[in-house]
> 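Take this structure first; my questions come after.
Bear in mind the structure is a predicted one, so any value in this text is a computation, not a measurement. Throughout, numbering of the chain's residues begins at 1 and tracks the sequence.
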Amino acid sequence: MELADKAVGFLLSYISLSIFTYYTFWVIILPFVNSDHFIHRYFLPQEYAILIPVFAGMVLLCFLCIFIGYVMLKSKKKKA
């Protein structure tokens with residue numbers, strides 16, 4: 001089981017590092033590259049650099065609120 005945990009940890013670290021590198025390049029470096037350069041084909045428009053994290057944060061916040069509400073209701077039923 002320890003090997004499987006290490007593999008999952010490595011995979012999650014690799015995915016996180018890949019997303020961080022892509023987003024950093026997209027937001028920080030890409031604005032300084034000419035707009036007719038071929039590298040722009042691999043990235044979404046700049047507006048999405050804000051919209052995607054805001055949407056993801058809102059979804060995460062909604063799921064967190066639903067989970068907390070579910071746990072509170074479940075613990076209330078156990079007391080009764």
> Would you tabulate the side-chain donor-acceptor contacts of residues 28-41 under 3.5 Å, counting partners in other chains and residues two or more places apart, or write 'none'?
residue	atom	partner	partner atom	Å
H37	ND1	I39	N	3.2
H40	NE2	V33	O	3.4
H40	NE2	N34	O	3.0
R41	NE	F38	O	3.4

> Could you pull out all donor-acceptor pairs under 3.5 Å where a side-chain atom in residues 7-22 meets a protein atom, sequence neighbours excluded?
residue	atom	partner	partner atom	Å
S13	OG	G9	O	2.9
S16	OG	L12	O	2.9
S18	OG	Y14	O	2.8
T21	OG1	L17	O	2.8
Y22	OH	Y42	O	3.0

> How far apart are the closest heavy atoms of Y48 and P53, and which atoms are they?
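The answer is O-CD, 3.9 Å.
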> Is a donor on one side and an acceptor on the other found under 3.5 Å between the side chain of W26 and the backbone of L44?
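Yes: the side chain of W26 pairs with the backbone of L44.
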> Taking ILVMFWY side chains as joined if any heavy atoms are under 4.5 angstrom apart, and letting links pass through other members, which residues group with M58?
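Cluster partners of M58: I50, V54.
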> Please round to the nearest 0.5 Å and tell me the distance separating atom CD1 of I68 and atom CG of L73.
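The CD1 atom of I68 sits 12.0 Å away from the CG atom of L73.
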> Applying the side chain to side chain contact (heavy atoms under 4.5 Å, CB included) test to F55, which of V59, L51, I52 qualifies?
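Going through the options one by one, the only one that passes is V59.
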